[in-house]
Amino acid sequence: MTTQLSPAAEALIVTFEVGSKSEYNSHPTWSGGASGVTIGIGCDLGYWGPVQVGTVWGPYLSAGVVKRLQQVAGIKGASARPAAQALADIVVPWEAACAVFDATDMPDAITQTRAAFPGVADLPADCFGALASVVFNRGSQITSSDPAQALRRIEMAQIRDAIAEARARDVPAYLRAMKRLWPAGSGEDGLRTRRDAEAALFERGLAAS
C-alpha cells in the first residue's frame with residue numbers, strides 16, 4: 001500500500017505546474033478556463049477560502065500580501081484574470097512555494113485521490129502518483145448534477161470503477177481519453193501532453209509491479 005508519491009510522480013506534477021525552478025513564475029497568474037488566481041506550484045486560490053489562505057500562506061508571506069491574496073480567494077473563471085493582473089506586483093518566493101507544496105498542496109491531493117478512487121492506495125506508487133497528478137490538476141470531482149459538467153467527468157468515473165473492479169490496466173486508456181476535453185488546436189497542448197505523461201507513468205507502475 002502506498003500513501004506517498006513516487007519521485008517520478010512528484011517530478012511530473014512540478015514539471016507541468018511550473019516547469020523548473022529556473023522557469024518558475026513567482027507572480028500570481030491566471031491560466032484560463034475555470035481557474036482562479038494561481039500562486040506557487042499550482043496553488044489555485046479560486047478553490048480556497050480566505051481563512052485557508054491566511055493559515056497556509058501566513059507563515060511565508062507578509063501580512064499585507066496575505067490580505068490581498070485573501071481578497072481573491074474563491075474567484076474563478078474570467079473574473080480571475082483582472083484579479084491576477086491586479087496582484088502582478090506580488091512575489092511568491094520559490095522556497096515558500098515549495099514549502100506549501102510539500103506541506104499542504106500534495107498532502108491534500110493525496111487525500112483527495114484516495115477518497116476519489118477507492119483502492120488506489122493498493123496500486124504501485126507510480127500508478128497512485130499518476131492519478132494524484134490528475135486530481136492536482138482537475139480536482140477530485142467524479143459526478144455532477146449539471147449535465148454539461150457531468151460529461152466532463154466521465155473518465156474520472158470510469159477510472160474509479162476500473163480500480164474498484166480490479167481493472168487497473170484500463171486506466172491509461174481513460175487518462176488518454178480525457179484529451180477529448182482539449183482538442184488539438186485548442187491551445188491546450190500542455191493538458192494533452194500531461195494526460196499522455198500520466199498514462200505512461202501509470203503503465204510504468206503496472207509494468208514494474
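The residues of the chain are indexed from 1 along the displayed sequence. Just so it is clear, the values below take in all heavy atoms, side chains as well, and ignore hydrogens, waters and symmetry mates.
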Residue list, ring-ring contact (aromatic ring centres under 6.0 Å, His included) with [X], at least two apart or on another chain:
{"X": "Tyr174", "answer": "none"}
{"X": "Phe117", "answer": "none"}
{"X": "Phe16", "answer": "none"}

With a 3.5 Å distance limit and no angle check, can you tell me whether [X] reaches the backbone of [Y] through a side-chain donor-acceptor pair?
{"X": "Thr111", "Y": "Pro107", "answer": "yes"}
{"X": "Trp30", "Y": "Pro82", "answer": "no"}
{"X": "Arg114", "Y": "Ala121", "answer": "no"}
{"X": "Glu23", "Y": "Ser20", "answer": "yes"}

Taking all non-hydrogen atoms of both residues into account, name the closest pair between [X] and [Y] and its distance.
{"X": "Ser209", "Y": "Leu206", "value": "OG-O, 2.7 Å"}
{"X": "Ile41", "Y": "Val18", "value": "CA-CG1, 3.9 Å"}
{"X": "Glu95", "Y": "Lys21", "value": "OE2-NZ, 4.1 Å"}
{"X": "Cys43", "Y": "Trp48", "value": "SG-CZ2, 3.2 Å"}
{"X": "Arg176", "Y": "Ala200", "value": "NH2-N, 3.9 Å"}
{"X": "Gly205", "Y": "Pro124", "value": "O-CG, 3.5 Å"}

Could you walk me through whether Tyr24 and Val92 pass the side-chain contact (heavy atoms from CB on, under 4.5 Å) test, one step at a time?
CA-CA 10 Å; Tyr24 170 65; Val92 178; 3.6 Å; yes
Does a sphere of radius 6.0 Å around CZ in Arg167 hold more than 12 heavy atoms from other residues, nucleotides or ligands, not counting ones at 6.0 Å or beyond?
yes
I'd like to know whether CZ of Arg68 has more than 12 heavy-atom contacts from other residues, nucleotides or ligands below 6.0 angstrom.
yes
Can Gln52 and Thr55 be said to form a side-chain hydrogen bond (donor to acceptor under 3.5 Å, both in side chains), step by step?
CA-CA 5 Å; Gln52 186 180 15; Thr55 300; over 6 Å; no
To the closest 0.5 Å, what do you measure between [atom1] ([X]) and [atom2] ([Y])?
{"X": "Ile13", "Y": "Phe101", "atom1": "CD1", "atom2": "CZ", "answer": "5.5 Å"}
{"X": "Leu12", "Y": "Glu10", "atom1": "CG", "atom2": "CD", "answer": "11.0 Å"}
{"X": "Phe136", "Y": "Gln112", "atom1": "CZ", "atom2": "CD", "answer": "10.0 Å"}
{"X": "Gln149", "Y": "Gln141", "atom1": "CD", "atom2": "CD", "answer": "5.0 Å"}
{"X": "Ile163", "Y": "Gln158", "atom1": "CD1", "atom2": "CD", "answer": "12.0 Å"}
{"X": "Leu87", "Y": "Ile39", "atom1": "CG", "atom2": "CD1", "answer": "9.0 Å"}

Hey, quick one: are Leu69 and Tyr60 part of the same hydrophobic cluster, counting side-chain heavy atoms closer than 4.5 Å, chains of contacts allowed?
yes
Please tell me if the side chains of Val91 and His27 come closer than 4.5 Å, counting only heavy atoms from C-beta onward.
yes
Would you indicate whether the side-chain heavy atoms of Ile154 and Arg180 approach each other to under 4.5 Å?
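Heavy-atom side-chain distance check passes, below 4.5 Å.
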Between the side chains of Lys76 and Asp44, is the shortest nitrogen-to-carboxylate-oxygen separation below 4.0 Å, so that they form an ion pair?
no
Are Arg195 and Glu188 ion-paired here, with the side-chain N under 4.0 Å from a carboxylate O?
no
Could you walk me through whether Met156 and Val134 pass the side-chain contact (heavy atoms from CB on, under 4.5 Å) test, one step at a time?
CA-CA 9 Å; Met156 298 290 280; Val134 175; 3.8 Å; yes
side-chain contact (heavy atoms from CB on, under 4.5 Å) between Leu123 and Phe128, worked out
CA-CA 6 Å; Leu123 297 179; Phe128 183 96; 5.5 Å; no
Step-by-step side-chain contact (heavy atoms from CB on, under 4.5 Å) determination, Ile110 to Thr113:
CA-CA 5 Å; Ile110 288 171; Thr113 301; 5.7 Å; no
